[in-house]
K.L.:
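Handing you this structure, nothing more for now.
Below, chain A is the first sequence line, B the second, and so on; all start at residue 1.
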There are 2 protein chains.
Amino acid sequence: MANQNRIPIPTLTRFANLYRVLQEAEAEGVEHLNSAQLEALTSISASQIRKDLSMLGEMGRPGVGYKVNLLKKRIGSILRVDRGHPYALVGAGQLGRAIANYPGFEDYGFKLKAIFDSDREKVGQIVQGIPIESNEHMPASLLQKSIRIAVLTVPRNAAQDATDQLVAGGVRWILNFAPTHLKVPDNCIVRDVFLTPEFAILGHFTED
Amino acid sequence: MANQNRIPIPTLTRFANLYRVLQEAEAEGVEHLNSAQLEALTSISASQIRKDLSMLGEMGRPGVGYKVNLLKKRIGSILRVDRGHPYALVGAGQLGRAIANYPGFEDYGFKLKAIFDSDREKVGQIVQGIPIESNEHMPASLLQKSIRIAVLTVPRNAAQDATDQLVAGGVRWILNFAPTHLKVPDNCIVRDVFLTPEFAILGHFTED
DNA sequence: AGTTGTGAACGTTTTCACAGCC
DNA sequence: GGCTGTGAAAACGTTCACAACT
């Protein structure tokens, strides 16, 4: 039965993937998809999909499947894709710019509103229509723009400092690409995206 | 007791993090670290660390802790950091270049050996000392260089094509940044690194 | 005393299997 | 007949707690 509160992270991750597939299906004019078809498109098992979707209440029709536009809308509302979350990018290096320029995030309701970098040379440069600001105004600028979400792509040794300033500026959700653990207050959520472990895992499975 | 075969992915991820910390400790001349100290450095719980390390056989000494250089060596061999895995980058866009230029991967034994892009403009450009090759020679070039590992950073609609060519070129491990599911033969391992779900999850926790 | 290694308890996530609905 | 929704079972991963070792 529907228990909309407290959806596990693995389920949310799968919702994000389903959302993309549903978007594509809708664009192609597909009206219904059943759990087996969704499995083919995502390689999430059909039973897993049904279990996940059961958290949203009864979304499917036995014998028919799930209505694409309805399901997309429902998952979208869970992921809050329609809110236009403003976010800040801290660290306008290569990875940071790649993320700023990555087109996919807007589909999920995220809107880049500020970019910070400690490098004086970069300050004032325009990326994605946003001028890079100096790190120094970070807290004030964040507060003024009501930004609560940040993506952190600074070098490891600058990460904790930048984090402290983000927190001072009212940021409560951080997507962290710096390969280090961030210390934040309890009311702040950090999602770590570490690339080296991904490589390292690949290494382990390597043979010969 | 030591069951070196079949180490769970979460454990491998933690090993990769421990490896970095051990590298730093070794560089600083630290000889021993106990599980509580490792917890402080990684925020992996001490009992979790002991459990993970117990998979490697008895690596620590009660009352003393773990010998840094020994443990680093052991984890390194699990992650096969000493093999100098040659890898290819497919897609020399911003994200691809950011990854190519990221210094951390070499520490884990990965060595960039080829770059491919379908854009004629880019072919011949040098990135990290490697000339960008045209997609067309991909399979032949991969085979010639004995490359078995690839990082895929092409747009979604080019991803499956590129994957097919990688597989034709003998690649068996793919780190996939393209936000789509790749179809590969059974003997090929794909690790997906999807950035949008990370954002999407953040969105769900957003309030207001 | 200090710290490991590990069985046992716990909690979470996935898979199974099928009753019930379309 | 086909497919969903869901309890029940299984698998998995983490934390606890303590005997054993230095």
Side-chain angles (χ1 to χ4, degrees), chain A residues 1-18 22 25 30-68 70-72 74-75 78 181 192 197 201 204, chain B residues 1-18 22 25 30-72 74-75 78 192 197 201 204:
Chain A
M1 241 287 291
N3 174 16
Q4 303 184 31
N5 307 312
R6 174 42 203 152
I7 297 173
I9 302 271
T11 298
L12 289 170
T13 307
R14 289 188 293 265
F15 279 171
N17 284 287
L18 283 170
L22 291 168
V30 178
E31 300 223 331
H32 290 90
L33 286 170
N34 63 38
S35 58
Q37 293 170 313
L38 287 168
E39 169 168 352
L41 292 166
T42 59
S43 65
I44 302 165
S45 79
S47 65
Q48 183 70 80
I49 286 169
R50 291 201 303 277
K51 190 68 134 188
D52 285 344
L53 295 183
S54 75
M55 296 205 174
L56 308 181
E58 318 214 340
M59 289 271 96
R61 275 171 57 196
V64 181
Y66 300 89
K67 195 137 195 289
V68 169
L70 207 77
L71 188 57
K72 183 196 142 208
R74 192 75 176 79
I75 290 179
I78 296 290
H181 180 73
D192 290 317
I201 288 167
H204 173 71
Chain B
M1 240 290 289
N3 174 17
Q4 303 184 31
N5 306 311
R6 168 54 196 145
I7 298 173
I9 301 273
T11 298
L12 288 170
T13 306
R14 289 188 292 266
F15 279 171
N17 284 288
L18 283 170
L22 291 167
V30 178
E31 299 222 334
H32 291 91
L33 286 170
N34 63 37
S35 57
Q37 293 169 313
L38 287 168
E39 168 167 354
L41 292 167
T42 60
S43 65
I44 302 166
S45 78
S47 64
Q48 184 71 78
I49 286 169
R50 291 200 302 278
K51 190 66 132 187
D52 286 342
L53 295 183
S54 74
M55 295 205 176
L56 308 182
E58 317 215 339
M59 291 270 95
R61 275 172 57 196
V64 181
Y66 301 88
K67 195 135 195 288
V68 169
N69 60 359
L70 207 76
L71 188 57
K72 183 197 142 207
R74 190 76 175 81
I75 291 180
I78 295 290
D192 290 317
I201 288 167
H204 173 72

K.L.:
From CG of B:Leu38 over to P of C:dT3, roughly how many Å is that when rounded to an integer?
P.N.:
12 Å
K.L.:
Indicate, with a heavy-atom threshold strictly under 4.0 Å, whether A:Thr11 touches base, sugar-phosphate, or nothing.
P.N.:
nothing
K.L.:
Got a second to check how far A:His204's NE2 is from B:Thr11's OG1, nearest 0.5 Å?
P.N.:
10.0 Å
K.L.:
Compare side-chain N and O positions of B:Tyr66 against OP1 and OP2 of C:dG5 and report whether any pair is under 4.0 Å apart.
P.N.:
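Checking C:dG5 against B:Tyr66, a side-chain N or O does come within under 4.0 Å of OP1 or OP2.
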K.L.:
Could you tell me how far apart A:Lys67 (NZ) and D:dT4 (P) are, to the nearest whole angstrom?
P.N.:
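Going from A:Lys67 (NZ) to D:dT4 (P), I get 16 Å.
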K.L.:
Between B:Ile9 (CD1) and D:dG13 (P), how many Å, whole number?
P.N.:
9 Å
K.L.:
Where each residue is assigned the nucleotide of DNA chain D containing its nearest heavy atom, which of A:Lys51 and A:Arg61 is assigned the position nearer the 5′ end?
P.N.:
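The residue whose closest nucleotide sits nearer the 5' end is A:Arg61.
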K.L.:
Ignoring the backbone of B:Pro8, work out which of D:dT4, C:dT6, D:dG13 is nearest its side chain.
P.N.:
D:dG13
K.L.:
Can you check whether A:Ile201 reaches B:Thr13 side chain to side chain, under 4.5 Å on heavy atoms?
P.N.:
yes
K.L.:
For B:Ser35 and C:dT3, is the shortest distance between a side-chain N/O and OP1 or OP2 below 4.0 Å?
P.N.:
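Answer no for this pair, as no side-chain N or O of B:Ser35 is under 4.0 Å from OP1 or OP2.
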K.L.:
Would a distance-only check, ignoring hydrogens and angles, find a side-chain to backbone donor-acceptor pair under 3.5 Å from B:Arg74 to B:Leu56?
P.N.:
yes
K.L.:
Within this structure, what is the CG-to-C1' distance between B:Asn34 and C:dA1, rounded to whole angstrom?
P.N.:
13 Å
K.L.:
Measure from CD1 on B:Ile49 to P on C:dT3 and round the result to the nearest Å.
P.N.:
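Those two atoms, CD1 and P, are 14 Å apart.
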K.L.:
So, is A:Ser47 near the phosphate of C:dC16, with a side-chain N or O under 4.0 Å from OP1 or OP2?
P.N.:
no
K.L.:
On the nucleotide D:dT14, are OP1 or OP2 found under 4.0 Å from the side-chain N or O atoms that B:Arg14 carries?
P.N.:
yes
K.L.:
Closer to the 5' end of DNA chain C via nearest nucleotide, is it B:Leu33 or A:Pro10?
P.N.:
B:Leu33
K.L.:
For DNA chain C, whose closest nucleotide is more 5', that of A:Pro62 or that of A:Gln48?
P.N.:
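Result: A:Gln48.
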K.L.:
Whole angstrom is fine here: how far is it from CZ in B:Arg50 over to P in D:dA20?
P.N.:
16 Å
K.L.:
Check the phosphate of C:dT13 against A:Arg6, side-chain N and O only, distance under 4.0 Å to OP1 or OP2. Yes or no?
P.N.:
yes
